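Sequence positions, counted from 1, serve as the residue numbers for this chain. As the structure lists them, so they are numbered: ligands from 1, and atoms in each ligand from 1. This is a predicted model, so every value here is computed, not measured.
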Amino acid sequence: MRKICAANWKLNFSPDEARRYFVEWSELVGTIQQARQTPEQTAPLNCDVVFFTPAYDLPVAVEFAVKNGFQIGPQNIYFVNSGAFTGEISPQAVRALGAEVALIGHSERRTLFGETDEAIAKKVKASMSADLMPILCVGESLAERESNQTKDIVGRQLRGGLELIIGDFAQSRRFTIAYEPVWAIGTGKVATPAQASDMHAEIRTELETLLGKKRAHEIPILYGGSVKPENARELASQANIDGFLVGGASLKPKDFLAIAATL
Ligand code: PEP
């Protein structure tokens, strides 16, 4: 399966700043292309690159995505495409703009904005209906890990998030899981390669139960939580780690590229 390196910019970068970022990104990728003598029409990295930008940066991102061969998407969507839902983001509208992916159920959405497994399940379904590949985030808090509840919590989030798409839908369309222990997000505390790899294996087993063995092995499971250029290579070498979801370190094009290059 092709690996994925996804950037979560969170609430950072105005459209002007986003443009400056992508100019720098294009230059850096161009340098790798030349160094490796990669033909222009061939991707210079061995993974798919995704940028989750604030919604107002998507028009700028899409210009560069076409030229640079990366994918873009919103950090959240609503489960309805239009109507009286002030402040929400329509899956169909962002798809029409050129988004190909959607981040769903990030722990900041769950904890700060009260997103439940039920709402997340609807968002996963709406995203797939709009032909946006969902990256569904799951992960336990520190208290949950310390009280040995990690597997139960992550299992519940997985079953909850996939509940409305089990069946034909889940068999026929692409989706991705991101395991992000909440205690490792933005804290500088990265899960050890063994901790991450153990949970990824658990998630794979749960996916086998939910979707069958063949399908479970086609679904990328990304790790997220304080991934940096210094720790990415060892994490990337673990079984069942099929890519990264990167917050803080994705704000510097050079660091994000160094992480992507480990995949
Ligand atoms: C994230 O926001 O999904 C994330 C993993 O953040 P960080 O890399 O900063 O921990």
Side-chain angles (χ1 to χ4, degrees), residues 3-13 17-18 21 25 47-55 57-58 61 70-77 89 99 101-113 115 120 123-124 127 133-142 144-145 150 153-154 157-158 161 175-193 195-197 199-200 203 220-236 238 240-263:
K3 297 194 172 186
I4 298 175
C5 196
N8 175 16
W9 283 3
K10 312 195 188 201
L11 194 54
N12 289 293
F13 298 154
E17 289 166 331
Y21 181 109
W25 174 264
C47 61
D48 288 339
V49 173
V50 173
F51 287 96
F52 290 113
T53 72
D57 288 335
L58 287 172
F70 57 75
Q71 296 172 31
I72 59 158
Q75 299 164 6
N76 174 38
I77 50 161
I89 297 174
V101 267
L103 192 61
I104 298 182
H106 189 278
S107 70
E108 284 151 20
R109 303 282 329 158
R110 291 178 191 260
T111 55
L112 302 175
F113 303 101
E115 282 193 12
I120 289 166
K123 291 180 180 203
V124 168
S127 142
M133 180 185 76
I135 298 190
L136 168 66
C137 302
V138 296
E140 80 289 358
S141 66
L142 186 59
E144 288 160 350
R145 175 162 281 264
T150 302
I153 296 293
V154 171
Q157 291 172 339
L158 265 182
F175 63 86
T176 294
I177 304 292
Y179 169 61
E180 299 204 299
V182 178
W183 48 271
I185 297 180
T187 57
K189 279 188 208 152
V190 65
T192 63
Q195 282 172 325
S197 168
M199 273 318 293
H200 282 231
I203 291 171
I221 306 173
L222 315 186
Y223 170 77
S226 297
V227 177
K228 307 252 174 316
E230 306 80 61
N231 57 30
R233 191 165 297 284
E234 201 182 350
L235 287 162
Q238 303 300 309
N240 288 308
I241 296 190
D242 307 315
F244 296 124
L245 177 56
V246 187
S250 74
L251 299 179
K252 291 194 179 137
K254 206 171 163 203
D255 287 355
F256 185 54
L257 188 60
I259 293 170
T262 65
L263 292 168

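- Nearest heavy atom pair, residue V227 against residue A232, reads CG1-CB, 4.0 Å.
- Applying the side chain to side chain donor-acceptor pair (under 3.5 Å) rule to N231 yields no partners; only residues at least two apart in sequence or on another chain are considered.
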Identify each donor-acceptor pair in which a side-chain atom of residues 251-263 lies under 3.5 Å from a protein atom, sequence neighbours left out, and give them as a table.
unit_1 : atom_1 : unit_2 : atom_2 : d
T262   : OG1    : I259   : O      : 2.6

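- Test V50, T176, I72 against V101 for side chain to side chain contact (heavy atoms under 4.5 Å, CB included) and you get one pass: V50.
- Enumerated by chain and number, the residues approaching ligand 1 to less than 4.0 Å through a heavy atom are N8, K10, H106, E180, A184, I185, G186, G224, G225, S226, L245, V246, G247, G248.
- The two residues I4 and C47 have their closest heavy-atom pair at N-CB, 4.3 Å.
- Not counting sequence neighbours, the partners of N8 by the side chain to side chain donor-acceptor pair (under 3.5 Å) test are H106.
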